[in-house]
Each structure stands twice: as C-alpha cells, then as structure tokens.
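Just so you know, these numbers use all the heavy atoms, side chains as well, and skip hydrogens, waters and symmetry mates. The structure displayed is predicted, hence computed values, not measured ones.
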Amino acid sequence: MIEITPTLSIDEKEIQESFVRASGPGGQNVNKVSTAVQLKFDIRNSPSLPADVKQRLLYLAGRQLSNTGVLTITAQKFRTQEKNRKDALNRLIALIRQATKKPKLRKKTQPPESAKEQRLDEKKKRSEVKRQRGKVEGEDE
C-alpha cells in the first residue's frame with residue numbers, strides 16, 4: 001500500500017509502470033537503455049479513492065489524463081530507472097494529496113459604507129478637475 005495521507009492509501013497493484021527510452025541528449029546511454037518511466041493510474045476505476053477526490057483529481061490532471069480517465073505520468077529527469085520511478089511516484093502522490101484538499105467556499109461580502117463614500121468622493125474630485133479644464137472665457141484661438 002502506498003500511503004497518501006494518514007487516512008488514504010492506494011494499492012500498488014492499481015499502478016502500472018513501463019520503461020521507455022528517454023528523449024533528449026544523453027549520448028550512447030540514452031540510445032541503449034530504457035530509463036524513462038511511464039506511470040499509469042486509472043482514476044475512474046480506482047476503489048481506493050473517494051468520489052470527491054476522484055473528481056478533483058480528474059480536474060487537476062489536465063493534459064496528463066486520457067479520454068478513459070487514465071492518468072499518465074512520464075519521468076525522465078534522471079539517468080537511472082530507480083530514480084525516475086521514485087520521481088514519478090512522488091509526483092503521483094503529490095497530485096493526489098492536492099486533490100484531497102477541499103477548496104474553501106467563497107463567502108459573498110458587501111463593501112463597507114465608508115469604502116462606497118470614499119469612492120464617490122474620489123469620483124467627485126476627479127470630475128471637478130476635469131470640469132475645470134474647459135475653455136477660458138475671453139481667449140481667441
């Protein structure tokens with residue numbers, strides 16, 4: 001079991017890992033060894049996640065999510081499979097932890113009366129400044 005929070009954990013069997021060749025520079029090593037890791041986690045069919053966490057996770061996954069609800073995380077930062085495995089798993093755990101946090105509900109508030117008065121006073125002052133910019137009497141152009 002992989003512990004996400006003290007109350008939430010997912011089974012290791014729910015995660016599929018495959019090793020692929022990493023892209024980018026790296027010399028002969030990158031052409032021979034499959035060090036990059038593709039970690040796949042089926043969000044919609046996971047029995048470990050509550051429904052509200054699934055919904056937030058589906059939203060947070062963004063481009064990493066397939067049409068079938070499978071989250072794919074590719075890790076190729078390091079030169080070894082083991083480090084890339086840990087990196088991909090840590091990224092998955094961080095994403096699920098972020099999805100477990102419930103967003104705060106926004107409370108509607110009214111602006112205070114003093115703020116309304118201050119705004120109107122500033123509008124009156126600005127209006128007066130602009131009004132005084134008119135033509136001066138007696139000047140010919």
Side-chain angles (χ1 to χ4, degrees), residues 1-139 141:
M1 296 296 275
I2 300 168
E3 186 175 318
I4 308 298
T5 64
T7 58
L8 180 67
S9 58
I10 57 174
D11 192 3
E12 293 175 10
K13 295 175 185 171
E14 294 182 50
I15 298 172
Q16 290 89 36
E17 289 179 346
S18 60
F19 297 99
V20 294
R21 291 196 176 147
S23 64
Q28 293 176 343
N29 188 55
V30 79
N31 298 327
K32 294 180 185 176
V33 185
S34 299
T35 56
V37 176
Q38 276 191 339
L39 185 140
K40 295 187 181 206
F41 178 67
D42 191 356
I43 297 171
R44 290 194 179 129
N45 297 325
S46 173
S48 306
L49 298 177
D52 59 333
V53 174
K54 283 183 187 180
Q55 288 291 49
R56 287 192 290 270
L57 188 57
L58 288 169
Y59 176 75
L60 287 172
R63 288 186 359 201
Q64 297 174 322
L65 192 67
S66 71
N67 293 338
T68 58
V70 177
L71 172 69
T72 304
I73 296 176
T74 305
Q76 58 184 12
K77 194 185 302 183
F78 302 103
R79 289 175 61 104
T80 63
Q81 282 184 352
E82 192 55 40
K83 284 184 179 179
N84 282 328
R85 284 182 71 216
K86 286 181 183 177
D87 181 42
L89 189 61
N90 287 338
R91 285 167 43 195
L92 174 68
I93 291 170
L95 196 63
I96 296 174
R97 278 188 184 146
Q98 190 177 355
T100 58
K101 296 176 184 170
K102 294 179 182 174
K104 290 183 181 179
L105 293 176
R106 183 182 179 278
K107 296 178 185 176
K108 287 188 176 182
T109 58
Q110 294 287 327
E113 198 64 36
S114 60
K116 288 181 185 177
E117 290 173 9
Q118 182 181 0
R119 182 181 62 86
L120 291 174
D121 287 344
E122 288 172 6
K123 284 181 75 165
K124 286 177 188 171
K125 288 177 188 172
R126 187 73 186 146
S127 173
E128 184 62 27
V129 167
K130 287 188 172 190
R131 192 182 62 76
Q132 291 179 1
R133 288 185 187 159
K135 288 186 179 180
V136 178
E137 289 181 25
E139 275 190 9
E141 288 186 19

Residues forming a salt bridge (Lys or Arg N to Asp or Glu O under 4.0 Å) with Arg91, sequence neighbours excluded | Asp87
Considering residues at least two apart in sequence or located in another chain, which fulfil the side chain to side chain contact (heavy atoms under 4.5 Å, CB included) criterion with Gln55?
-> Leu58
Please indicate whether Gln132 has more than 12 foreign heavy atoms, meaning atoms of other residues, nucleotides or ligands, lying under 6.0 Å from its CD.
-> yes
Could you state the interatomic distance from CG (Asn90) to CD1 (Ile73), rounded to the nearest 0.5 Å?
-> 10.0 Å
Does Asp52 have any side-chain hydrogen bond (donor to acceptor under 3.5 Å, both in side chains) partners at least two apart in sequence or in another chain, and if so, which?
-> Arg56
Among Ile96, Thr72, Leu95, Val70, the one residue meeting side-chain contact (heavy atoms from CB on, under 4.5 Å) with Phe41 | Ile96
Taking only residues at least two apart or on different chains, which pairs with a member in residues 98-123 satisfy salt bridge (charged side-chain N to carboxylate O under 4.0 Å, His left out)?
-> none
Could you note down all residue pairs passing salt bridge (charged side-chain N to carboxylate O under 4.0 Å, His left out) where residues 124-133 supplies at least one of them, sequence neighbours left out?
-> Glu128-Arg131
